[in-house]
Chemist: 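Once you've had a glance at the structure underneath, I'll fire off some questions.
Just so we're on the same page: letters track the sequence lines, and every chain starts at 1.
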There are 2 protein chains.
Amino acid sequence: MTGIRRLAQHLDISIGTVSRALNGRPDVNEETRRRVLQAATELGYVPNQSGRSLRQGTTNIIGFMMQTGTEITGQGDTFFMSVFDGIQTVFARHRLDLVALLCSSSEDPDDYLKRVVARGFADGLILSATQRHDPRFEFLAKRKIPFVTLGRSLTDVGQPWLDLDFEGMAQISIDRLVARGHRRIAVTRPHDDVNLGHLFVDQSARALAGHGLALDPELIFSSLPNEAGGYQVARQLLAMTDRPTAILLVNETIAIGFYRGLSEAGVKPGRDIAIIGRQSPQSHFLSPSLTGFTLSRRDLGIALAEALLATMPAFSHLYPDADPRKVWSEDLIEGESDAHTLPA
Amino acid sequence: MTGIRRLAQHLDISIGTVSRALNGRPDVNEETRRRVLQAATELGYVPNQSGRSLRQGTTNIIGFMMQTGTEITGQGDTFFMSVFDGIQTVFARHRLDLVALLCSSSEDPDDYLKRVVARGFADGLILSATQRHDPRFEFLAKRKIPFVTLGRSLTDVGQPWLDLDFEGMAQISIDRLVARGHRRIAVTRPHDDVNLGHLFVDQSARALAGHGLALDPELIFSSLPNEAGGYQVARQLLAMTDRPTAILLVNETIAIGFYRGLSEAGVKPGRDIAIIGRQSPQSHFLSPSLTGFTLSRRDLGIALAEALLATMPAFSHLYPDADPRKVWSEDLIEGESDAHTLPA
DNA sequence: CTGACCACCGTAAACGTTTACGGTACTATG
DNA sequence: CATAGTACCGTAAACGTTTACGGTGGTCAG
């Protein structure tokens, strides 16, 4: 005798009543419910998830899909850890288990997702590393699997998304640098077809145009979104005959490598070149200090979780006014790296 | 009509036969098996995991438990990503799904593990961030849940483990530095009760003793295992009146912060102080280049996976000679950071 | 007193598998 | 021809839940 049956036998009531009592159904005497609950903790009863899943067709699992290898995630991975933390706190409230689904860099993300879905693994998914055209969205929409994405995409199937305000960052950065006299301003972007690259570069160009300036195509640097990428960008930039006087770094981690590349050539941030980037736990150890954007990754995670729950029928009533699509502005932390000013 | 029943009806055979055919049982005609397999792909049939789990009492899931926050994992998290990658490749061969269970830094790892186990989540577990005394081991052993740990512990319940050869690294480093004339050699260790700290410091002391030297307790620096920790160590070290002439860095990530702290004071690695650390993707961007240990994290992951499978009854026959307990030696990559030599 | 209503509870089916058991038809052996 | 053996397949139980449905006993209004 195991499971709910054991509990029922012990209390000398039926398993139906036990189940109802545990699941908070109204049609059960409060006194019996109390007894059931007590016996459950006493006997250490915990419902079998397989039985429950089989019956209800739901797994109580939410998957957060990421990709291994910093070359792909590009945020130094600690970014996602913090976001994950925020998501976890929300789901824990609803007894939903959050797991990380790490797609190996050697596997196609689309195939990986198909496997996960075919297995009926999760009730909902959170997708990151969204591509500019992302076939995963259509796939999930067709299967009617609730999901939310971290990052916008041109592929729109009506799913909720959250994203960082890359346009805003570009605009603020450009305005700031132009005001300091810069005319030749470089920007970086990830090497692959991830959407944020387009958003960032395009808005940088528009912002420059607003000042009557153009974005020189030569000054758009594609890089791996990690330290190595930043280093490469520095080398390329230093090798140019007509160097830019300022640069925008779109990724969090590349500043480390970029600084290194500069210092090898004796070029000092804030004195010889102006830099605006993104803050990270690592960037605090850069010198001169980095001027860069920052936000609470944990809050972002919380918002992601709530956006997903809002689309899941079983929970949507709890989050009636969750923002289905929102851009998160980052705050600019002023450092020394963009102090470089040109004469008017 | 759904699932296996639909398939059976479509083929006009019984569900039992279908199941046997799909699961590779011997007592089914090869011709019918072929037909079943073909129909399965045609109709896109994929067995329901809940039904299967309920019947077999197994989930086909392996969990890799880590902790969020670099303050805890200490390896810059990219370490675990690579290990994860290796594990994944092995499990994929056996149709086991690997998920990452990320314990939030705000939750007690023991409680988290209990929740996971109570839910019957996984058939096996891989534990990281092993403490010197780790109650999780006894808990899992009592429940007879197969698990393997990345990292040794004083708590021994007979579980398999893999670990890095911290003793070997300490020995080699000390020998090397002593040969270069160093007498006052500092070591770092994580601030908490994680086992590797003890292994590393103790062996360093023994190695020094082998040369007739003692490890000055003042030269044992506890630090957070991240960039900030390395920076703090540098500050403390520089503030000492009787500075060490060499130092061993036990973590991968702290070199970044340590270098920064030194450079602020104009102290140059390899010229003013000798440093031996651990290589990481980030450390390649340090200058002067870091002398440090390295190993294939992916191979480590593969070995971890095989060690776990060897303890699982359903798979143990496939890995008869998997090493249940093994220390992985790292290779020393010679850089410039330990060039500093003292006169005899 | 009768009927309706209500609060609570028990019964049993259903979810989709796997697998022990037994049955059938055919082959080989004496 | 009788028997044993074999190859293959169908039947049905079991895994642990949830939940629709119906039943029981009580209360209360008419």
Chemist: How many Å lie between CG on B:L7 and C1' on C:dG16, as a whole number?
Modeler: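 In whole Å, C:dG16 C1' lies 13 Å from B:L7 CG.
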Chemist: Please enumerate all protein N or O atoms sitting under 3.5 Å from an N or O of nucleotides 19-23 of chain C, with distances to 0.1 Å.
Modeler:
from	atom 1	to	atom 2	distance (Å)
C:dT19	OP2	B:R25	NH2	2.6
C:dT19	O4'	B:R55	NH2	3.3
C:dA20	N6	B:R20	NH1	3.4

Chemist: Can you tell me if CZ on B:R6 sees more than 12 non-hydrogen neighbours from other groups inside 6.0 Å?
Modeler: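 Atom CZ in B:R6 is not crowded, with 12 or fewer foreign heavy atoms closer than 6.0 Å.
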Chemist: How many Å lie between CD1 on B:I4 and P on D:dT11, as a whole number?
Modeler: 14 Å
Chemist: Compute whether any side-chain donor of one residue and acceptor of the other, for A:D123 and A:T58, lie under 3.5 angstrom apart.
Modeler: yes
Chemist: For A:Q49 and D:dT17, what is the distance between atoms CD and P respectively, to the nearest whole Å?
Modeler: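 So the CD-P distance, A:Q49 to D:dT17, works out to 10 Å.
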Chemist: Toward the 5' end of DNA chain C, which comes first, A:R5 or A:I13, by nearest nucleotide?
Modeler: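 Going by which nucleotide is closer to the 5' end, it is A:I13.
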Chemist: Just checking A:T2: base, sugar-phosphate only, or nothing, at a heavy-atom cut-off of under 4.0 Å?
Modeler: sugar-phosphate
Chemist: Report the distance from atom CG of A:N48 to atom P of D:dA14, rounded to the nearest whole Å.
Modeler: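 Nearest whole value for this atom pair: 17 Å.
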Chemist: Do A:L127 and A:L140 have side chains that get closer than 4.5 Å, going by heavy atoms?
Modeler: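 Yes. Closest side-chain heavy atoms under 4.5 Å.
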Chemist: Salt-bridged, B:R136 to B:D134, with N to O below 4.0 Å?
Modeler: yes
Chemist: CG of B:N29 versus C1' of C:dT24: gap in Å, rounded?
Modeler: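 For the pair B:N29 CG and C:dT24 C1', the rounded distance is 15 Å.
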Chemist: Is the distance from OP1 or OP2 of D:dC9 to the nearest side-chain N or O of B:T32 less than 4.0 Å?
Modeler: yes
Chemist: For the CZ atom on B:R325, are there more than 12 heavy atoms of other groups (residues, nucleotides or ligands in this structure) within a distance under 6.0 Å?
Modeler: yes
Chemist: What is the separation between atom CZ on A:R52 and atom P on C:dT17, rounded to the nearest whole Å?
Modeler: 21 Å
Chemist: Tell me the bend of the helix from C:dC1-D:dG30 to C:dG30-D:dC1 as the angle between end helix axes, each from five pairs, rounded to the nearest 10 degrees.
Modeler: 60°
Chemist: May I ask you to check whether A:Y45 and A:H10 place their ring centres under 6.0 Å from each other?
Modeler: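 No: the rings miss the under 6.0 Å criterion.
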Chemist: Salt bridge check: are B:E306 and B:K326 linked by an N-O gap of less than 4.0 Å?
Modeler: no
Chemist: Without decimals, in angstroms, what is the distance between A:L54 CG and C:dA13 P?
Modeler: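 Computing the A:L54:CG to C:dA13:P distance gives 17 Å.
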Chemist: Fit a plane to each ring of A:F137 and A:F147, take the angle between them on a 0 to 90° scale, and name the class: parallel (under 30°), tilted (30 to 60°) or perpendicular (over 60°).
Modeler: tilted
Chemist: Between B:R34 and B:Q38, do the side chains contain a donor N or O and an acceptor N or O under 3.5 Å apart?
Modeler: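 Looking only at side-chain atoms, B:R34 and B:Q38 do form a donor-acceptor pair, the distance falling under 3.5 Å.
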